[in-house]
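Below: one structure, written as C-alpha coordinates.
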Protein chains: 2
Amino acid sequence: MGGQQALRRTLHERGMRMTPQRQLVLDAVRELGHATPEQICQHVQLTAPAVNITTVYRTLDLLDRLGLVRHTHLGHGAPNYSVDEHEHVHLVCHRCGRVEEVPCEVLAPVGGTLRDRYGFELDASHLALSGSCRECSKETP
Amino acid sequence: MGGQQALRRTLHERGMRMTPQRQLVLDAVRELGHATPEQICQHVQLTAPAVNITTVYRTLDLLDRLGLVRHTHLGHGAPNYSVDEHEHVHLVCHRCGRVEEVPCEVLAPVGGTLRDRYGFELDASHLALSGSCRECSKETP
DNA sequence: ATAATTGCAAACAATTTGCATTCAG
DNA sequence: CTGAATGCAAATTGTTTGCAATTAT
(Lines give C-alpha, C1' and ligand atoms only; values in the text may rest on other atoms or scores of the structure.)
Protein backbone atom coordinates (compact mmCIF):
# COMPACT_ATOMS: atom_id res chain seq x y z
CA MET A 1 0.00 0.00 0.00
CA GLY A 2 1.21 3.54 0.02
CA GLY A 3 2.56 3.86 -3.47
CA GLN A 4 -0.22 4.55 -5.96
CA GLN A 5 -0.15 8.33 -5.82
CA ALA A 6 3.60 8.52 -5.33
CA LEU A 7 4.18 6.57 -8.52
CA ARG A 8 1.63 8.63 -10.47
CA ARG A 9 3.29 11.83 -9.33
CA THR A 10 6.84 10.69 -10.07
CA LEU A 11 5.81 9.66 -13.56
CA HIS A 12 3.84 12.82 -14.21
CA GLU A 13 6.75 15.03 -13.23
CA ARG A 14 8.69 13.55 -16.13
CA GLY A 15 5.91 13.58 -18.69
CA MET A 16 5.36 9.86 -18.33
CA ARG A 17 2.04 8.13 -17.97
CA MET A 18 0.50 6.12 -15.23
CA THR A 19 -0.69 2.72 -16.39
CA PRO A 20 -2.10 -0.34 -14.64
CA GLN A 21 0.93 -2.35 -15.78
CA ARG A 22 3.32 -0.01 -14.01
CA GLN A 23 1.32 -0.10 -10.82
CA LEU A 24 1.06 -3.88 -10.96
CA VAL A 25 4.78 -4.37 -11.48
CA LEU A 26 5.65 -2.06 -8.60
CA ASP A 27 3.12 -3.81 -6.37
CA ALA A 28 4.53 -7.19 -7.33
CA VAL A 29 8.08 -6.17 -6.45
CA ARG A 30 6.82 -4.87 -3.13
CA GLU A 31 4.83 -8.01 -2.38
CA LEU A 32 7.50 -10.47 -3.43
CA GLY A 33 10.28 -8.78 -1.47
CA HIS A 34 12.84 -9.75 -4.05
CA ALA A 35 12.30 -11.62 -7.29
CA THR A 36 13.45 -12.12 -10.85
CA PRO A 37 11.68 -10.51 -13.83
CA GLU A 38 10.20 -13.91 -14.64
CA GLN A 39 8.73 -14.30 -11.14
CA ILE A 40 7.47 -10.74 -11.13
CA CYS A 41 5.79 -11.34 -14.47
CA GLN A 42 4.07 -14.46 -13.18
CA HIS A 43 2.85 -12.59 -10.13
CA VAL A 44 1.49 -9.76 -12.24
CA GLN A 45 -0.23 -12.24 -14.53
CA LEU A 46 -2.22 -13.63 -11.62
CA THR A 47 -4.14 -10.36 -11.74
CA ALA A 48 -3.70 -9.36 -15.37
CA PRO A 49 -2.87 -12.38 -17.54
CA ALA A 50 -2.39 -10.33 -20.69
CA VAL A 51 0.61 -8.39 -19.41
CA ASN A 52 3.61 -9.26 -21.50
CA ILE A 53 7.03 -10.05 -20.09
CA THR A 54 8.49 -7.42 -22.40
CA THR A 55 6.48 -4.83 -20.52
CA VAL A 56 7.74 -6.21 -17.23
CA TYR A 57 11.32 -5.80 -18.40
CA ARG A 58 10.66 -2.29 -19.64
CA THR A 59 8.84 -1.32 -16.47
CA LEU A 60 11.49 -2.73 -14.15
CA ASP A 61 14.09 -0.80 -16.06
CA LEU A 62 12.01 2.35 -15.74
CA LEU A 63 11.32 1.91 -12.03
CA ASP A 64 15.01 1.26 -11.53
CA ARG A 65 15.93 4.52 -13.25
CA LEU A 66 13.29 6.33 -11.20
CA GLY A 67 14.90 4.95 -8.07
CA LEU A 68 11.78 3.10 -6.96
CA VAL A 69 13.29 -0.36 -7.24
CA ARG A 70 16.81 -1.68 -7.38
CA HIS A 71 18.38 -4.83 -8.74
CA THR A 72 21.22 -7.10 -7.74
CA HIS A 73 23.07 -9.71 -9.72
CA LEU A 74 23.30 -12.72 -7.50
CA GLY A 75 25.90 -14.45 -9.62
CA HIS A 76 24.20 -16.88 -11.98
CA GLY A 77 21.21 -16.03 -14.16
CA ALA A 78 18.49 -13.46 -13.79
CA PRO A 79 18.90 -10.38 -11.60
CA ASN A 80 16.91 -9.86 -8.47
CA TYR A 81 14.65 -6.87 -7.98
CA SER A 82 13.44 -5.36 -4.73
CA VAL A 83 11.91 -2.09 -3.65
CA ASP A 84 14.36 0.65 -2.89
CA GLU A 85 13.67 0.86 0.84
CA HIS A 86 14.35 -2.84 1.23
CA GLU A 87 18.07 -2.49 1.92
CA HIS A 88 20.28 -5.43 2.65
CA VAL A 89 23.41 -7.22 1.56
CA HIS A 90 22.99 -10.63 -0.06
CA LEU A 91 25.25 -13.47 1.02
CA VAL A 92 25.27 -16.02 -1.78
CA CYS A 93 26.56 -19.50 -1.04
CA HIS A 94 28.43 -20.67 -4.12
CA ARG A 95 28.05 -24.29 -3.09
CA CYS A 96 24.35 -24.69 -2.35
CA GLY A 97 23.11 -21.47 -3.92
CA ARG A 98 21.30 -20.31 -0.80
CA VAL A 99 20.90 -16.54 -0.41
CA GLU A 100 20.90 -14.91 3.00
CA GLU A 101 20.16 -11.26 3.67
CA VAL A 102 22.05 -9.26 6.24
CA PRO A 103 21.94 -5.59 7.19
CA CYS A 104 24.03 -3.20 5.10
CA GLU A 105 25.84 -1.90 8.12
CA VAL A 106 28.18 -4.91 8.17
CA LEU A 107 29.87 -3.23 5.23
CA ALA A 108 30.21 0.17 6.87
CA PRO A 109 33.92 -0.19 7.73
CA VAL A 110 34.78 -1.28 4.18
CA GLY A 111 32.76 1.57 2.74
CA GLY A 112 34.99 4.00 4.61
CA THR A 113 38.20 2.32 3.52
CA LEU A 114 37.17 2.28 -0.14
CA ARG A 115 36.17 5.92 -0.07
CA ASP A 116 39.41 7.00 1.59
CA ARG A 117 41.79 4.89 -0.45
CA TYR A 118 40.14 4.70 -3.87
CA GLY A 119 37.45 7.40 -3.95
CA PHE A 120 34.91 4.66 -4.52
CA GLU A 121 31.40 5.20 -3.13
CA LEU A 122 30.18 1.75 -2.19
CA ASP A 123 26.51 1.00 -2.80
CA ALA A 124 26.04 -1.66 -0.18
CA SER A 125 22.43 -2.48 -0.87
CA HIS A 126 23.09 -3.30 -4.51
CA LEU A 127 25.42 -6.06 -3.70
CA ALA A 128 26.04 -9.75 -3.41
CA LEU A 129 28.89 -11.31 -1.48
CA SER A 130 29.85 -14.85 -2.34
CA GLY A 131 31.29 -17.47 -0.10
CA SER A 132 30.08 -20.59 1.67
CA CYS A 133 27.26 -20.67 4.19
CA ARG A 134 27.36 -22.23 7.62
CA GLU A 135 25.95 -25.59 6.50
CA CYS A 136 28.25 -25.96 3.53
CA SER A 137 31.32 -24.86 5.48
CA LYS A 138 30.66 -27.63 7.97
CA GLU A 139 30.69 -30.30 5.27
CA THR A 140 34.08 -29.38 3.83
CA PRO A 141 35.77 -27.04 6.28
CA MET B 1 55.68 -19.78 -18.57
CA GLY B 2 55.10 -22.00 -15.58
CA GLY B 3 52.05 -24.03 -16.29
CA GLN B 4 52.48 -26.59 -19.03
CA GLN B 5 53.62 -29.49 -16.88
CA ALA B 6 51.48 -28.49 -13.90
CA LEU B 7 48.34 -28.66 -16.02
CA ARG B 8 49.34 -31.98 -17.59
CA ARG B 9 49.96 -33.46 -14.16
CA THR B 10 46.75 -32.16 -12.62
CA LEU B 11 44.75 -33.59 -15.50
CA HIS B 12 46.57 -36.90 -15.49
CA GLU B 13 45.94 -37.42 -11.77
CA ARG B 14 42.23 -37.44 -12.55
CA GLY B 15 42.34 -39.58 -15.66
CA MET B 16 41.87 -36.58 -17.89
CA ARG B 17 43.81 -35.78 -20.99
CA MET B 18 46.14 -33.03 -21.93
CA THR B 19 45.15 -31.26 -25.12
CA PRO B 20 46.38 -28.19 -26.98
CA GLN B 21 42.97 -26.56 -26.47
CA ARG B 22 43.25 -26.81 -22.70
CA GLN B 23 46.73 -25.40 -22.70
CA LEU B 24 45.72 -22.57 -25.00
CA VAL B 25 42.72 -21.61 -22.89
CA LEU B 26 44.74 -21.58 -19.69
CA ASP B 27 47.46 -19.54 -21.40
CA ALA B 28 44.86 -17.09 -22.69
CA VAL B 29 43.40 -16.55 -19.23
CA ARG B 30 46.89 -15.99 -17.89
CA GLU B 31 47.82 -13.56 -20.65
CA LEU B 32 44.59 -11.59 -20.59
CA GLY B 33 44.55 -11.16 -16.81
CA HIS B 34 40.79 -11.26 -16.73
CA ALA B 35 38.41 -11.76 -19.60
CA THR B 36 35.06 -13.12 -20.70
CA PRO B 37 34.68 -16.50 -22.44
CA GLU B 38 34.14 -14.64 -25.70
CA GLN B 39 37.37 -12.68 -25.33
CA ILE B 40 39.28 -15.77 -24.30
CA CYS B 41 37.95 -17.59 -27.34
CA GLN B 42 39.08 -14.81 -29.66
CA HIS B 43 42.53 -14.83 -28.10
CA VAL B 44 42.83 -18.59 -28.49
CA GLN B 45 41.70 -18.35 -32.09
CA LEU B 46 44.61 -16.05 -32.90
CA THR B 47 46.78 -19.15 -32.54
CA ALA B 48 44.28 -21.90 -33.35
CA PRO B 49 41.37 -20.57 -35.41
CA ALA B 50 39.51 -23.89 -35.40
CA VAL B 51 38.94 -23.96 -31.64
CA ASN B 52 35.25 -23.75 -30.98
CA ILE B 53 33.67 -21.53 -28.35
CA THR B 54 31.90 -24.57 -26.95
CA THR B 55 35.29 -26.00 -26.11
CA VAL B 56 36.28 -22.76 -24.47
CA TYR B 57 33.21 -22.89 -22.24
CA ARG B 58 33.81 -26.52 -21.36
CA THR B 59 37.48 -25.91 -20.68
CA LEU B 60 36.88 -22.85 -18.50
CA ASP B 61 34.38 -24.85 -16.51
CA LEU B 62 36.92 -27.64 -16.12
CA LEU B 63 39.79 -25.34 -15.14
CA ASP B 64 37.46 -23.69 -12.66
CA ARG B 65 36.63 -27.02 -11.02
CA LEU B 66 40.32 -27.89 -10.96
CA GLY B 67 40.96 -24.63 -9.14
CA LEU B 68 43.29 -23.27 -11.83
CA VAL B 69 41.07 -20.36 -12.78
CA ARG B 70 38.20 -18.57 -11.06
CA HIS B 71 35.31 -16.50 -12.30
CA THR B 72 33.43 -13.47 -11.09
CA HIS B 73 30.09 -12.08 -12.15
CA LEU B 74 30.66 -8.40 -12.60
CA GLY B 75 26.99 -7.54 -12.75
CA HIS B 76 25.83 -7.36 -16.33
CA GLY B 77 26.46 -10.08 -18.90
CA ALA B 78 29.28 -12.55 -19.25
CA PRO B 79 31.40 -13.64 -16.29
CA ASN B 80 35.01 -12.73 -15.96
CA TYR B 81 37.75 -15.35 -15.70
CA SER B 82 41.21 -14.98 -14.24
CA VAL B 83 43.92 -17.30 -13.02
CA ASP B 84 43.57 -18.47 -9.48
CA GLU B 85 46.65 -16.73 -8.09
CA HIS B 86 45.39 -13.42 -9.42
CA GLU B 87 43.44 -12.48 -6.31
CA HIS B 88 41.64 -9.19 -6.01
CA VAL B 89 38.29 -7.60 -5.35
CA HIS B 90 36.55 -5.92 -8.27
CA LEU B 91 35.03 -2.49 -7.79
CA VAL B 92 32.41 -2.05 -10.50
CA CYS B 93 31.13 1.45 -11.19
CA HIS B 94 27.45 1.13 -11.97
CA ARG B 95 27.46 4.45 -13.77
CA CYS B 96 30.34 4.22 -16.23
CA GLY B 97 30.95 0.48 -16.00
CA ARG B 98 34.63 0.84 -15.17
CA VAL B 99 36.16 -2.02 -13.17
CA GLU B 100 38.93 -1.39 -10.69
CA GLU B 101 40.87 -4.07 -8.86
CA VAL B 102 41.90 -3.72 -5.25
CA PRO B 103 43.62 -6.12 -2.86
CA CYS B 104 41.39 -8.63 -1.06
CA GLU B 105 42.62 -7.50 2.30
CA VAL B 106 40.27 -4.50 2.29
CA LEU B 107 37.55 -7.02 3.04
CA ALA B 108 39.34 -8.70 5.91
CA PRO B 109 37.34 -6.94 8.66
CA VAL B 110 34.02 -7.84 7.03
CA GLY B 111 35.14 -11.42 6.58
CA GLY B 112 35.57 -11.69 10.32
CA THR B 113 32.21 -10.14 11.08
CA LEU B 114 30.35 -12.41 8.67
CA ARG B 115 32.04 -15.50 10.06
CA ASP B 116 31.29 -14.57 13.65
CA ARG B 117 27.72 -13.42 13.17
CA TYR B 118 26.44 -15.60 10.36
CA GLY B 119 28.87 -18.49 9.99
CA PHE B 120 29.48 -17.31 6.43
CA GLU B 121 32.94 -17.90 4.95
CA LEU B 122 33.51 -15.00 2.60
CA ASP B 123 35.39 -15.71 -0.63
CA ALA B 124 36.81 -12.28 -1.20
CA SER B 125 38.56 -12.96 -4.49
CA HIS B 126 35.39 -14.17 -6.18
CA LEU B 127 33.64 -10.92 -5.73
CA ALA B 128 32.44 -7.70 -7.20
CA LEU B 129 31.43 -4.63 -5.24
CA SER B 130 29.26 -2.09 -6.93
CA GLY B 131 29.14 1.62 -6.37
CA SER B 132 30.35 4.72 -8.14
CA CYS B 133 33.96 5.45 -8.96
CA ARG B 134 35.85 8.63 -8.17
CA GLU B 135 35.14 10.27 -11.54
CA CYS B 136 31.42 9.51 -11.52
CA SER B 137 30.99 10.53 -7.90
CA LYS B 138 32.43 13.95 -8.77
CA GLU B 139 29.84 14.55 -11.47
CA THR B 140 26.81 13.88 -9.28
CA PRO B 141 27.96 13.83 -5.67
C1' DA C 1 41.95 -49.99 -29.09
C1' DT C 2 39.04 -47.20 -26.62
C1' DA C 3 37.46 -43.79 -23.71
C1' DA C 4 38.01 -38.89 -23.43
C1' DT C 5 37.63 -34.77 -26.03
C1' DT C 6 36.29 -31.95 -29.71
C1' DG C 7 33.41 -29.53 -33.28
C1' DC C 8 29.18 -28.52 -35.09
C1' DA C 9 24.42 -27.66 -35.24
C1' DA C 10 20.59 -27.13 -32.71
C1' DA C 11 18.32 -26.10 -28.26
C1' DC C 12 17.87 -22.89 -24.49
C1' DA C 13 17.36 -18.96 -21.32
C1' DA C 14 17.31 -14.21 -20.61
C1' DT C 15 16.76 -10.02 -22.69
C1' DT C 16 16.10 -6.56 -26.45
C1' DT C 17 14.19 -4.51 -30.65
C1' DG C 18 10.96 -3.08 -34.42
C1' DC C 19 6.65 -1.99 -35.36
C1' DA C 20 1.65 -1.74 -35.57
C1' DT C 21 -2.02 -1.12 -32.17
C1' DT C 22 -3.92 0.80 -28.04
C1' DC C 23 -4.72 4.09 -24.57
C1' DA C 24 -3.82 7.95 -20.93
C1' DG C 25 -4.02 12.63 -20.70
C1' DC D 1 -6.46 13.96 -30.71
C1' DT D 2 -1.58 12.61 -30.14
C1' DG D 3 2.41 10.96 -28.30
C1' DA D 4 3.52 7.52 -24.87
C1' DA D 5 3.06 2.77 -23.70
C1' DT D 6 1.89 -1.96 -24.76
C1' DG D 7 1.85 -6.56 -27.07
C1' DC D 8 3.62 -9.59 -30.20
C1' DA D 9 6.98 -11.72 -33.06
C1' DA D 10 11.50 -11.85 -34.30
C1' DA D 11 16.34 -10.89 -33.33
C1' DT D 12 20.29 -11.08 -29.99
C1' DT D 13 23.37 -12.68 -26.51
C1' DG D 14 25.34 -15.99 -23.58
C1' DT D 15 25.46 -20.72 -22.66
C1' DT D 16 24.34 -25.76 -22.90
C1' DT D 17 23.37 -30.26 -25.06
C1' DG D 18 23.35 -34.31 -28.25
C1' DC D 19 25.99 -36.74 -31.11
C1' DA D 20 29.19 -38.25 -34.58
C1' DA D 21 34.08 -37.69 -35.67
C1' DT D 22 38.63 -37.24 -33.75
C1' DT D 23 42.59 -37.98 -30.87
C1' DA D 24 45.60 -38.76 -26.59
C1' DT D 25 47.26 -42.41 -24.18
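For the numbers below, each heavy atom of this structure counts, side chains included, while hydrogens, waters and symmetry mates do not. Chain identifiers are assigned alphabetically (A, B, ...) following the order of the sequence lines, protein sequences preceding nucleic acid strands; residue numbering begins at 1 within each chain.
If you measure from atom CG of B/Leu11 to atom P of D/dT25, you get 9 Å, rounded to the nearest angstrom. Across the protein-nucleic acid pair, A/Glu38 atom CD and C/dC12 atom P stand 15 Å apart, rounded to whole Å. Atom P of nucleotide C/dA13 and atom CD of A/Gln42 are separated by 13 Å, given to the nearest angstrom. Between the C1' atom of C/dA3 and the CE atom of B/Met18 lies a distance of 19 Å, rounded to the nearest Å. Between A/Gln39 atom CD and C/dA13 atom P there is a gap of 15 Å when expressed in whole angstrom units. B/Gln45 places its CD atom 14 Å from the P atom of C/dT6, with the value rounded to the nearest Å. Taking atom CD1 on A/Ile53 and atom C1' on D/dA10, their separation rounds to 16 Å, with Å as the unit. For the pair A/Leu66 CG and D/dA4 P, the computed distance is 15 Å after rounding to whole Å.
When all heavy atoms are compared, the tightest approach of A/Arg70 to A/Asp64 is CA-OD1, 4.0 Å. The minimum heavy-atom distance between B/Leu60 and B/Val29, with the atom names listed, is CD2-CG2, 3.8 Å. Among all heavy-atom pairs drawn from B/Cys133 and B/Cys93, the shortest one is N-SG, 3.4 Å. Across all non-hydrogen atoms, the minimal contact from B/Val89 to B/Pro103 is CG2-O, 4.3 Å.
For A/Asn52 and D/dC8, the shortest distance from a side-chain N or O to OP1 or OP2 is below 4.0 Å. Distances shorter than 4.0 Å separate some side-chain N or O of B/Gln21 from OP1 or OP2 on C/dG7. Taking side-chain N and O atoms only, A/Tyr57 has no distance below 4.0 Å to OP1 or OP2 of C/dT16.
Ring geometry, B/His88 versus B/His34: the interplanar angle exceeds 60°, so the pair is classed perpendicular (tilted spans 30 to 60°).
For B/Thr59, whose side chain is taken as the heavy atoms from C-beta onward, the closest listed nucleotide among C/dT6, D/dT15, D/dT25 is C/dT6.
For A/Arg95 and A/Glu135, the salt-bridge test fails: no basic side-chain N is under 4.0 Å from an acidic carboxylate O.
Hydrophobic clustering (ILVMFWY, side-chain heavy atoms < 4.5 Å, transitive): B/Val102 and A/Leu107 are in one cluster.
Within the nucleic acid shown, B/Thr19 comes within 4.0 Å of sugar-phosphate atoms alone, with no base atom in reach, counting heavy atoms only.
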N/O to N/O distances under 3.5 Å, protein versus nucleotides 19-23 of chain D:
none

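Both A/Leu62 and B/Met16 sit near DNA chain D, but only A/Leu62 has its closest nucleotide nearer the 5' end. Along DNA chain C, the nucleotide closest to B/Thr55 and the one closest to B/Gly15 are compared, and the more 5′ of them pairs with B/Gly15. Comparing B/Thr54 and B/His12 by the nucleotide of DNA chain D that holds the closest heavy atom to each, the one mapping nearer the 5' end is B/Thr54.
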